[in-house]
Q: 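Got a structure here, written out as structure tokens. Questions coming.
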2 protein chains.
Amino acid sequence: MQINDRRIHFLYEAWRSGSMRQASEILEMAPSSISRQIAQLEREIGSTLIEHGRREIVLTEAGHAVLEYYRNRHSSLEMLNAQLRDLSAARTGHVKFAIGEGFLGEALYRTLDEFMDGYPGFTLSLSVTDTTEMVRLLLEDEVHFGLGFHPLSHPQVVSRFRAAVPLKAIMHAAHPLADRSSISIAELCAEPLALMGQAFRIRQMIDLAAADSGQLVSPVLVSNSIPVLIRSACARRAVTVLPEFSVRSELSNGQLVAVRIVSSAMQSVYVHLITRRNRILSPQVMALTEQMRKRLAPTALYAPTDGKEPAAS
Amino acid sequence: MQINDRRIHFLYEAWRSGSMRQASEILEMAPSSISRQIAQLEREIGSTLIEHGRREIVLTEAGHAVLEYYRNRHSSLEMLNAQLRDLSAARTGHVKFAIGEGFLGEALYRTLDEFMDGYPGFTLSLSVTDTTEMVRLLLEDEVHFGLGFHPLSHPQVVSRFRAAVPLKAIMHAAHPLADRSSISIAELCAEPLALMGQAFRIRQMIDLAAADSGQLVSPVLVSNSIPVLIRSACARRAVTVLPEFSVRSELSNGQLVAVRIVSSAMQSVYVHLITRRNRILSPQVMALTEQMRKRLAPTALYAPTDGKEPAAS
DNA sequence: CAAATTTGTTGCGTTTATTGCAATCTAAAA
DNA sequence: TTTTAGATTGCAATAAACGCAACAAATTTG
């Protein structure tokens, strides 16, 4: 059945004001239109709604039922309007994104706190994933954006910006190399290392840099968990290689130190914020990505608008 | 805000089928219309509902909110349809009517039982009122019809039919006059009488007939309750004057007898079923009035269609 | 009771909204 | 890149809604 709610509105006004003519003044229309629309509504519904041949508007039972429906619809509409107001005022919404394991840490938490303070009605979905999974999530629109190291190249995935996050040698403050301003790849490889598995981008970068120097990486501890690596450094059992922001709190309280590694490959490691191509992001999502950009590194660079170059691995 | 639900239907189909083109086939319309209607809807609502510049339909948060409203509306509409089906199948409804005091009795109860058996979904409102109140109820549409003796004349009240209900002398079966075929007004007035107050139509009719015969009515018992009058007759304390149907059960079990009163005024007493002028009655109400007509007297007459003559007092 | 008034309804021409077709543009796929 | 599938836009045709005026019918009023 095809029911036009606009016609019910006419019926409602006619009933509320008592006559079609009064309704016509309220609605600023000719009475004839109202009469016709109500007649049409009756044809659509298949039963009479008002007692015709009367001076005033008297509803039939069916008419009362229709108006009850109309009131239902009206309150539903009010709810919708409230929702839409909230949305356009950005009071509610949802942001979903994915990050690589390395980003769990104080910097991220502070960024999330900032965002949630700034947009109290917003909810967040955060997936901690590996790079392959991140690309899948992006392509299927299951996340708005992803944050990771040199993500896999994919024609449908582009980088919105990148930030240089040089990998550093992370070691205990009491480590013999801790007061050095920089160390070489060879010196690094001579130390007991705690690194991620070879499936991870960070590890792949390290292996690549080491291979360039003719060194072999043979870590004493391999883990896919960054906190495990950090703990091993804190316990003076190993040196690990991570970007500074992953261990920012340990650096600031003096427990660990980060030493520069003499290697162009280690310096030119970039974090990319990636999205699906042509993905339209709401202002709130944009705000979150901007906060992340600032937090990651004040020197973060915006990717070229075509977004192709930085996505190359 | 003016929202056209038909447009939301297009949005819904486009979202459900995945693209405007598929929706256009389902809806048997040109894709351009769908696009335009959705664009118009976005203008009406004031925010984008789908992510434009995409191959497939992807809703924004506002779009999801709109579709949630649409689903609400849909279920409301289903409820309305169910109600309307019930109404048009006459499965539910409401009948409200008023009767004069004299009609309470077995005949009425049986009529109501019949009606309620025939229309299980229907509810009844029965007001037992005096004539003045009955007219007020009719004029304000608080009852569909009324049943009473010679109701007050009113230009807006018409009689649908009338039934002759001669007033009879009601007396105990052992009363000296009980085996008479008829008695005169004078004989009646010589008996101890139990009658209604002078505000009631029945009493007024009796007084009028007595005055015509030069008699004075001086009842030993006056009550506005018919059962009280009946009881006084059963107790052999008085003779009362009522239509037969008011005492049908007492007549059939032989407790009381009804004796004809020799008086044209007493013979031409009519019960009228009255409604407001031009009141349109549903088939169910008509059925109830028809049942009442048959029950009151098989000889009941339909009032002239202009309905003016019988309403005269 | 009859005249006057108010109200709903209907015919007809006008205005507005909707639709379909074809062309154009664009994102996604090959 | 080229191809393909889908969204969008201009324009003419169509359908719906509208206003005006006349009419009919129901109440009110005198």
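Because the structure is a prediction, the values reported are computed rather than measured. So that the names make sense, note that chain A is the first sequence line, chain B the second, and so on, each numbered from 1.
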Q: What is the separation between atom CD on Glu42(B) and atom P on dA7(D), rounded to the nearest whole Å?
A: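 For the pair Glu42(B) CD and dA7(D) P, the rounded distance is 13 Å.
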
Q: Please find the pair of heavy atoms, one from Ile26(B) and one from Ser17(B), that lie closest to each other, and give the distance.
A: CD1-CB, 3.8 Å

Q: Measure from NE2 on His9(A) to C1' on dA17(D) and round the result to the nearest Å.
A: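 Result: 15 Å.
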
Q: If you take all heavy atoms of Leu137(B) and Ala98(B), which pair is closest and at what distance?
A: CD1-CB, 4.2 Å

Q: Under the side chain to side chain contact (heavy atoms under 4.5 Å, CB included) test, which residues partner Glu25(A), sequence neighbours left out?
A: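 Here no residue qualifies.
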
Q: Under 4.0 Å between any heavy atoms, over every strand shown, what does Leu27(A) touch: base, sugar-phosphate, or nothing? Just pick one.
A: nothing

Q: Spell out protein contact along nucleotides 11-18 of chain C as letters: B when the base is contacted, S when just the sugar-phosphate is, - when no protein heavy atom is under 4.0 Å; keep the 5' to 3' order.
A: BB-----S

Q: Over how many whole Å does the gap from Arg43(A) atom CZ to dA17(D) atom P extend?
A: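 These atoms are roughly 10 Å apart.
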
Q: For Phe10(A), which residues count as a ring-ring contact (aromatic ring centres under 6.0 Å, His included) partner, sequence neighbours excluded?
A: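 None.
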
Q: Got a sec, which residues hit side chain to side chain contact (heavy atoms under 4.5 Å, CB included) with Gln291(A), two or more places apart in sequence or on another chain?
A: Thr111(A), Glu114(A), Phe115(A), Leu288(A)

Q: Quick one, which residues of residues 58-70 of chain A touch DNA chain C with a heavy atom under 4.0 Å?
A: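 Close to the strand, none.
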
Q: Under the side chain to side chain contact (heavy atoms under 4.5 Å, CB included) rule, collect the residues that match up with Leu281(A), sequence neighbours excluded.
A: His144(A), Arg160(A), Thr275(A), Arg279(A), Val285(A), Met286(A)

Q: What residues, two or more places apart in sequence or in another chain, satisfy side chain to side chain donor-acceptor pair (under 3.5 Å) together with Tyr70(B)?
A: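 Side chain to side chain donor-acceptor pair (under 3.5 Å) check on Tyr70(B) returns His9(B).
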
Q: Can you name the salt bridge (Lys or Arg N to Asp or Glu O under 4.0 Å) partners of Arg54(A), sequence neighbours left out?
A: Glu51(A), Glu56(A), Asp141(B)

Q: Which atom pair, heavy atoms only, marks the closest approach of Phe103(B) to Leu147(B)?
A: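 Looking at all heavy atoms of both residues, the closest pair is CE1-O, 3.6 Å.
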
Q: Under 4.0 Å between a side-chain N/O of His52(A) and OP1 or OP2 of dG8(C), yes or no?
A: no

Q: Check every strand shown and say whether Glu51(B) touches a base, only sugar-phosphate, or nothing at a heavy-atom separation below 4.0 Å.
A: nothing

Q: Between Asp5(B) and Arg6(A), is there a side-chain N and carboxylate O pair less than 4.0 Å apart?
A: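 Looking at Arg6(A) together with Asp5(B), the answer is no, because their closest N to O distance does not fall below 4.0 Å.
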
Q: Find the distance Ile50(A):CD1 to dA25(D):P and express it as a whole number of Å.
A: 16 Å

Q: CD of Glu25(B) versus C1' of dA5(D): gap in Å, rounded?
A: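 Nearest whole value for this atom pair: 12 Å.
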
Q: For Leu11(A) versus Ile38(A), what's the shortest heavy-atom pair and its separation?
A: CA-CD1, 3.9 Å

Q: Not counting sequence neighbours, which residues clear ring-ring contact (aromatic ring centres under 6.0 Å, His included) with Phe97(B)? List them please.
A: Phe145(B)

Q: Contacts to DNA chain C from residues 11-22 of chain B, heavy-atom cutoff under 4.0 Å, which residues?
A: none

Q: Let me know the distance between CD1 of Ile34(B) and C1' of dA7(D), rounded to the nearest Å.
A: 12 Å

Q: Using a 4.0 Å heavy-atom cut-off to protein, can you give one letter per nucleotide of nucleotides 24-30 of chain C, 5' to 3': B if the base is in contact, S if only the sugar-phosphate is, - if neither?
A: ---BB--

Q: How would you list, by chain and number, every residue that makes a side chain to side chain contact (heavy atoms under 4.5 Å, CB included) with Arg36(B), sequence neighbours excluded?
A: Ser32(B)

Q: Locate the shortest heavy-atom distance separating Ile274(B) from Ser159(B); write the atom from each residue and the value.
A: CG2-CA, 4.0 Å

